[in-house]
Amino acid sequence: LGVLVYFSPCAFPILPGYISYYINLAQREDELMESGKLDKKMPPHYALGGLAALGQLTFFGIIAIIVFGLGSLIDLSGILHYFALAVAILLIVLGAFMLTGGTAHLLGFVQKLVDKYSTTEMDEKFTPKRNMYLWGIGYSAASIDCTAAAVIPFIGYLALIGGVATWTGLGGLMLSVSLLMITVTTIVGLGQQQFITVLRRSTGLIKATGAWMMMMAGIGLTFYLTQPELIASWLV
């Protein structure tokens with residue numbers, strides 16, 4: 001699910017251009033420092049990725065707190081099976097929606113907040129570190145526009161399960177998107193324009209692959225939840 005969130009068609013197309021913008025700023029850091037707009041040198045590529053990843057962790061941490069809080073107020077343990085089935089069906093529907101090029105703007109207000117507190121080269125002070133952190137939050141919010149129907153019920157499902165599974169599931173989701181952000185940022189930084197071009201050319205394939213993976217996961221989970229006797233006979 002973390003991989004699907006990261007390569008969400010709602011957010012991924014803007015990733016190469018945004019990262020390349022900040023990487024290319026390193027070539028002008030002396031100019032920016034001389035003008036007083038930049039206090040220190042631009043951080044290395046992996047640090048930029050780490051700051052964006054921290055923003056992602058913040059966003060998903062807030063989502064988890066909200067869902068866990070609702071779970072403590074509402075007892076859904078009696079309908080756990082149906083809740084899981086709803087998640088499976090949503091995965092199928094969402095995957096089909098993504099295949100048709102559909103998108104949403106459920107959390108557009110988050111991007112407005114990010115834009116409000118970010119700075120540009122035209123401002124008196126330019127804050128690339130803060131911008132990358134805020135952009136990580138905005139990127140996650142944009143991703144959720146395509147995957148909210150899978151992510152939020154999934155976190156709710158983890159809250160209902162309880163125990164170690166809750167924390168390993170949530171940790172896996174947060175760790176996957178963070179590592180992907182750091183890795184892609186570093187690779188883009190090292191590969192410069194060549195890798196950015198590859199990413200842009202692959203956007204369509206990434207969209208389609210993510211959509212089909214989501215649909216197949218939903219179909220598999222639906223089968224698992226609705227045919228327990230058949231599954232049990234295979235395991236015997």
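When a residue number appears, it is its place in the shown sequence, counting from 1.
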Between Tyr139 and Phe59 (judged by ring centroids, cut-off 6.0 Å), do the two rings come close enough to count as a pair? no
Could you work out, with side chain to side chain contact (heavy atoms under 4.5 Å, CB included) as the rule, every residue matching Ile219, not counting sequence neighbours? Ile92, Met216
Residue pair Gly2 / Ser176: nearest heavy atoms and the distance that separates them: CA-OG, 3.1 Å
Which residues pass the side chain to side chain contact (heavy atoms under 4.5 Å, CB included) test with Ile62, sequence neighbours left out? Thr58, Ile66
Using side chain to side chain contact (heavy atoms under 4.5 Å, CB included), reason through Ser140 and Phe60 one step at a time and then give a plain yes or no. CA-CA 8 Å; Ser140 297; Phe60 284 108; 3.7 Å; yes
Say whether Met174 and Leu179 are linked into one hydrophobic cluster, either directly or through other cluster members, by side-chain heavy-atom distances under 4.5 angstrom. no
Mind checking the CG-CE spacing from Leu54 to Met132? Nearest 0.5 Å is all I need. 11.5 Å
Taking the side chain from Tyr133 and the backbone from Gly50, do they hold a donor-acceptor pair closer than 3.5 Å? no
Examine Trp167 and Val177 and state if one hydrophobic cluster contains both, with Ile, Leu, Val, Met, Phe, Trp and Tyr joined whenever side-chain heavy atoms are less than 4.5 Å apart. yes
Treating Ile, Leu, Val, Met, Phe, Trp and Tyr as nodes and any side-chain heavy-atom pair under 4.5 angstrom as an edge, say whether Leu180 and Ile182 lie in one connected cluster. no
Let me confirm one number: the OG1-CG distance from Thr168 to Leu175, rounded to the nearest 0.5 Å. 12.0 Å
Any non-hydrogen side-chain atom of Met181 less than 4.5 Å from a side-chain atom of Gln56? yes
By side chain to side chain contact (heavy atoms under 4.5 Å, CB included), which residues pair with Thr183, not counting sequence neighbours? Ile187
Same cluster or not: Tyr224 versus Ile89, using hydrophobic residues (I, L, V, M, F, W, Y) connected whenever any side-chain heavy atoms lie under 4.5 Å apart? yes
